Every structure is written in structure tokens, then in C-alpha cells.
Amino acid sequence: MATIKVNNLQWSSITSEEQQLLIETLIKAGSLKEGDEIIGDDEVPPHPNEPIPVSDFGLPFAGDGACEIACTATYDYACGLCAGLTIGGPVAATLCYAAASAAYGICLKECLSP
């Protein structure tokens, strides 16, 4: 089970129903798995209202190329779903991007694991 941390002020500004829909959206994308959670954390800075470019993640890694490609495809799909969210106003999309970015980072790190 993964725990994805997002900015607490942003996370608490949407309803619990919107939070659940956001989690379900990221499960649909493959960014999260059943049982994963998103939590608000005061130490996490606010996320911009746009996806983080893949180039900002420092690719390429020295891990499994196919694994990295799968992570990137999942991230791209998640960002597309985030852009289409119709709940929670702009902050929901922002949180969706933040969680998708964090999940992408976790996925890439798992590509490096033997």
C-alpha cells in the first residue's frame, strides 16, 4: 500500500466525496492501486495547476526501460484524466496532478529495484 502525500491546504479544500473520486480516477489510470491512499501533509508545497513535464523527473534512469515506459504511459494517461475532472474546481485537477506525479516518482523508483 502506497501513501501519496499532497499539500494539506489544497487537499482539505475539497470534499471527502471529491477526494474519493480523485482517488478512483487515479486507480482507473493505474497510478494508484486499491488500498493506496492520498493524505494531506503540511510539509508538501502547493502543486502548480498543470502536470509536471516528464523531463523534470530526470529520465532516463538506469533501470528497466520497459518499466520506465509503462510508468510514463500511466502518468500521461493519469494527467489526461486529471485534466478532464469536472469535480472540485481547479484545485481538484491540481491535486490530481500532484498525486499522479508522486505516484509516477514511486513507479520509477520501483523500476530500479532488482
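Remember, it's a predicted structure, so these values are computed and weren't measured experimentally.
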Going from OH on Y104 to OG1 on T74, what distance comes out if it is rounded to the nearest 0.5 angstrom?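 With rounding to 0.5 Å, OH (Y104) is 9.5 Å from OG1 (T74).
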Report the distance from atom CG of D42 to atom CG of N7, rounding to the nearest 0.5 Å.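 Interatomic distance, D42 CG to N7 CG, rounded to 0.5 Å: 7.5 Å.
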Test salt bridge (Lys or Arg N to Asp or Glu O under 4.0 Å) applied to D41 - qualifying residues, sequence neighbours left out: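 Only K5 meet the salt bridge (Lys or Arg N to Asp or Glu O under 4.0 Å) criterion with D41.
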Measure across [X] and [Y] and return the closest heavy-atom pair with its distance rounded to 0.1 Å.
X: P48; Y: T94; value: O-CG2, 3.6 Å
X: I4; Y: A99; value: CG2-CA, 3.7 Å
X: L81; Y: A29; value: CD1-CB, 3.7 Å
X: L22; Y: A92; value: CD1-O, 3.3 Å

Qualifying side chain to side chain donor-acceptor pair (under 3.5 Å) pairs with a residue from residues 19-30, counting only residues at least two apart or across chains: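 Found Q20-E24.
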Could you state whether [X] and [Y] fall into the same hydrophobic cluster, counting links through intermediate Ile, Leu, Val, Met, Phe, Trp or Tyr residues with side-chain heavy atoms under 4.5 angstrom apart?
X: Y75; Y: Y97; answer: no
X: I106; Y: V44; answer: no
X: L95; Y: L85; answer: no

Pairwise side-chain contact, D36 with L26, heavy-atom cut-off 4.5 Å (strictly under):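 Not touching, per the 4.5 Å side-chain cut-off.
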Stepwise, does the disulfide bond (SG atoms under 2.5 Å apart) test hold for C71 with C107? CA-CA 6 Å; C71 291; C107 185; 1.9 Å; yes
Q10 side chain to H47 backbone, donor-acceptor under 3.5 Å: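 Side chain of Q10 to backbone of H47: a pair is present.
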